[in-house]
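First the structure, then my questions, so here it is.
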2 protein chains.
Amino acid sequence: MNGREVNIVLKYEQIANDIRNKIVNDTFSVNSQLPLEKEIMKEYNVSRITVKKAYDILVEEGLIIKRRGRGTFVKDIDEDTALLFAKSRQFLGFSTNMAQSSIETKVSFFQVELPDEDVQKKLKIGPNDWVYHFIRTRYKDGQPVVIEYTFMPMELIPGITMEVLENSIYHYVEEDLKLKIQSAHRIITAYTPNEEQKKLLKLKDNVPVVNVEEITFLDTGKPFSFTQNVHNSEIFQYVSITTK
Amino acid sequence: MNGREVNIVLKYEQIANDIRNKIVNDTFSVNSQLPLEKEIMKEYNVSRITVKKAYDILVEEGLIIKRRGRGTFVKDIDEDTALLFAKSRQFLGFSTNMAQSSIETKVSFFQVELPDEDVQKKLKIGPNDWVYHFIRTRYKDGQPVVIEYTFMPMELIPGITMEVLENSIYHYVEEDLKLKIQSAHRIITAYTPNEEQKKLLKLKDNVPVVNVEEITFLDTGKPFSFTQNVHNSEIFQYVSITTK
DNA sequence: TAGTGGTCTAGACCACCGG
DNA sequence: CGGTGGTCTAGACCACTAA
C-alpha cells in the first residue's frame, strides 16, 4: 500500500489532531518535550517527512516549537490561550464560527448595482459587471455583534436570494455552487461609528468600532466577496499568530 | 552533491524569491499561469518537493494559488496590494519595519518591578520574578505613531539599558544576547484613549486607538516580551492573510 | 485519457545541541 | 561525539481537471 488520500483524513492531519488533543487535554503538558520524530514514525508507521508536516501544522497554530539538536516542545502558554490561537487558524465563516450560540441575521439592504471604482478594484471587475450589494446585521444571543457591508460579483456567484443571505453565504457558495473558498485578505482598522452604525450595534457613547475589510478568494484565485465588517469594539477581538 | 544548507540561501527560498520578484515586476502578470512544477524542477535542477515548498511560501503570502489538475496561477490582485500582504508575512520589529523613514523613540518610564497577576500569566513567571517595565513612544517623521507598554522578564533578557530602549530591542535580543525570536501571538482590539494617550499621540477628538497586545516568544518556547501597542487609528492598519 | 498538483516513502547529508 | 530537527532527492500512487 503506497498511495494516500484513500482515507479522507490525511495521515499528517490525523497525527496533528491527535497531538493537538493531547496538548489541550494536558496529556502533553506545557513546556514538556514531545515525542521525537523518530518515535512518532514508529507509533503511526509513517515516514519522517509526514511527521514533520504534522508538527509543522502545530507550529503554525502557535502550540509548539521545534529546536534543531534538541527536540520538539509544548509552548509555554496556558491551555485557554493555546486553544484560542489554535482555533484562529481555522478558516471559517462568521456564522459557522459561533456554532454554539444562537445566531440571527437581519438583511437591511439588498440590490443589484454597478460597482464604483473602489469595488471594481477590490473585486477585479469592470464598470459594467453587475454586483450584489447587501447589508446584514448579525446578532448573537439577541445582541447585535457586527454589521456587514458586502459586494459580490453576480457572474461568479449567481443565484443569491434573501434566503441565502439570511443563512450562510459560505455554505451556499461551497455546498450549492460547489465552489471552493481558498483564502482571505484582511485589513483591520478602527474608527468612530456613524449614527446609523451606533444605533444598529446599540453602542454606548464613545465606543469605537473595529473595521475588518475582507476580500475572499476562490481556489481559482478570483475574489468573490468584498466586505466591510463593522464590529462592536467592546465585544470583539482579532487574533493572529506570526511565525518567523 | 546531496547535502543542503551549504549555501546560506536555501534552494526553496531562492526559488520563492525569484518568482516573487517576477510577480512584483510583472514578468508574471496577474492571473497568468506560472511554470509547472516540472518546469521549475528542470530550470533550477531541483526535486519536485523543493519546488512545491517554494510555491507554498508564495501561497502563504497570498500571492499565488494552486489548483490540482490545472496548475499554479498568480492571484488576481494589483501589485501594490500583493506587496503589502507579502510584506506582512515577514516577521520584523517595529523599528525595522519602517526602515526608510526617520524613527525616533522616547522612553517615558523605565523601572524594574515585581509582576502583577496578569503579567505573571502572560509571561509565565512567578510573583517573585523581577521584570523590566517600560513605556516608549515611537515617532515617524516627527509624528507620534504608537505608545508601547512593555514587560520583559529580567532573568531571560538581562542587561536592558536606556540605550537599548532608545534603539531596537529586537536587535539587542538577537545580535547581542544571541537569542532567537520565533513567534508572536497578537490580539487586536480598539477603544477610546485616556487623556494621557490622547496627548501623547496628539489625537483629535473622537479618534479611537487600536490596541495590539503582543506576546513574543523565543525559539525556546518561552515568552520574553508582553506589550500593549497603542496606535493612532487614523494612521494604523493591521494586515492579515488566512489560507484554508 | 493525459497531465496537473497532493500525499507519501525511504534514504541521504547537513547544522545545531548537549555531554 | 551521538542525537536532534532541517533540507533535499528520486520515485511512487492518488485525486482532480480538461479535452
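What you see below is based on every heavy atom in this structure, not just the backbone, and it leaves out hydrogens, waters and symmetry mates. A, B, ... follow the sequence lines: proteins, then strands. Residue 1 opens every chain.
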*Pairing of A:Glu174 and A:Lys180 as salt bridge, 4.0 angstrom limit*: no
_By nearest atom, which of the nucleotides C:dG6, C:dA10, D:dT4 is closest to the A:Lys38 side chain?_
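Between C:dG6, C:dA10, D:dT4, the one nearest the side chain of A:Lys38 would be D:dT4.
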*Specify the separation, in whole Å, of atom CG of B:Leu10 and atom P of C:dC13.*
19 Å
_Tell me the interatomic distance from B:Lys66, atom NZ, to D:dA15, atom P, rounded to whole angstroms._
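The distance from NZ of B:Lys66 to P of D:dA15 comes to 18 Å, rounded to the nearest Å.
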*Main-chain N/O of A:Pro153 paired to A:Tyr132 side chain as donor or acceptor, under 3.5 Å*: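 Between the backbone of A:Pro153 and the side chain of A:Tyr132 there is no qualifying donor-acceptor contact (under 3.5 Å).
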*So which nucleotide from D:dG5, D:dA10, C:dT7 ends up closest to the side chain of A:Leu36?*
D:dG5
*Measure the distance from CG on B:Asp56 to P on D:dT7 and round it to the nearest whole Å.*
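After rounding, the reported distance stands at 13 Å.
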*To the nearest angstrom, how far is A:Ile15 atom CD1 from C:dT7 atom C1'?*
12 Å
_Most 5' of A:Thr72 and B:Val46 on DNA chain D, judged by nearest nucleotide_ =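 So the residue in question is A:Thr72.
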_Touch class at under 4.0 angstrom, heavy-atom based, for B:Tyr55 against every strand present_ = nothing
_Side chain of A:Ile49 - closest among C:dA10, D:dG6, C:dT7_ = C:dA10
*Consider the side chain of A:Glu37, meaning its heavy atoms from C-beta on, and name the nucleotide among C:dT9, D:dG6, C:dG6 that approaches it most closely.*
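So the nucleotide nearest the side chain must be D:dG6.
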_Plane angle bin for A:Phe110 and A:Phe134 - parallel if under 30°, tilted between 30 and 60°, otherwise perpendicular_ =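 Taking A:Phe110 first and then A:Phe134, their aromatic rings stand perpendicular (interplane angle over 60°).
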_Any salt bridge linking A:Lys122 with A:Glu213? Criterion: basic side-chain nitrogen under 4.0 Å from a carboxylate oxygen._
yes
Look for any protein N or O under 3.5 Å of an N or O in nucleotides 17-19 of chain C and output each such pair with its distance, or none.
unit_1 : atom_1 : unit_2  : atom_2 : d
C:dG18 : OP1    : A:Arg70 : NH1    : 2.5

_Rounding to an integer number of Å, can you tell me how far B:Phe73 CZ sits from D:dT17 P?_
12 Å
_Of the listed nucleotides (C:dG5, D:dT9, D:dT7), which one gets closest to any side-chain atom of B:Arg48?_
C:dG5
*For A:Thr72, all residues meeting side-chain hydrogen bond (donor to acceptor under 3.5 Å, both in side chains), sequence neighbours excluded*: none
_Whole angstroms only, please: what is the CD1-C1' distance between A:Ile64 and D:dG5?_
12 Å
*Would you mind telling me which residue lines up with the more 5' stretch of DNA chain C, A:Ser47 or B:Leu34, judged by nearest nucleotide?*
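Per heavy-atom nearest nucleotide, the more 5' residue is B:Leu34.
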*What is the nucleic acid contact for B:Lys53, judged by heavy atoms within less than 4.0 Å: base, sugar-phosphate only, or nothing?*
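B:Lys53: backbone/sugar contact only, no base atoms under 4.0 Å.
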*Closer than 4.0 Å, any side-chain N/O of B:Thr50 to the OP1 or OP2 of D:dT7?*
no
*Shortest non-hydrogen contact from B:Arg138 toward B:Asn167*: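 Closest approach of B:Arg138 to B:Asn167: NH2-O, 4.4 Å.
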_Separation of atom NZ in B:Lys52 from atom P in D:dG6, rounded to whole Å_ = 17 Å
Output side-chain donor-acceptor pairs under 3.5 Å for residues 47-54 of chain A, partner residues at least two apart or in another chain, one line each.
unit_1  : atom_1 : unit_2  : atom_2 : d
A:Ser47 : OG     : A:Thr50 : OG1    : 3.3
A:Arg48 : NE     : A:Glu37 : OE1    : 2.8
A:Lys52 : NZ     : A:Asp56 : OD2    : 3.1

*Return the orientation label for the B:Tyr170 and B:Phe224 ring planes: parallel under 30°, perpendicular over 60°, tilted otherwise.*
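Ring orientation, 0 to 90° scale: perpendicular.
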*Atom-to-atom span, OH of B:Tyr12 to C1' of C:dC14 - whole angstrom*: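 That distance rounds to 13 Å.
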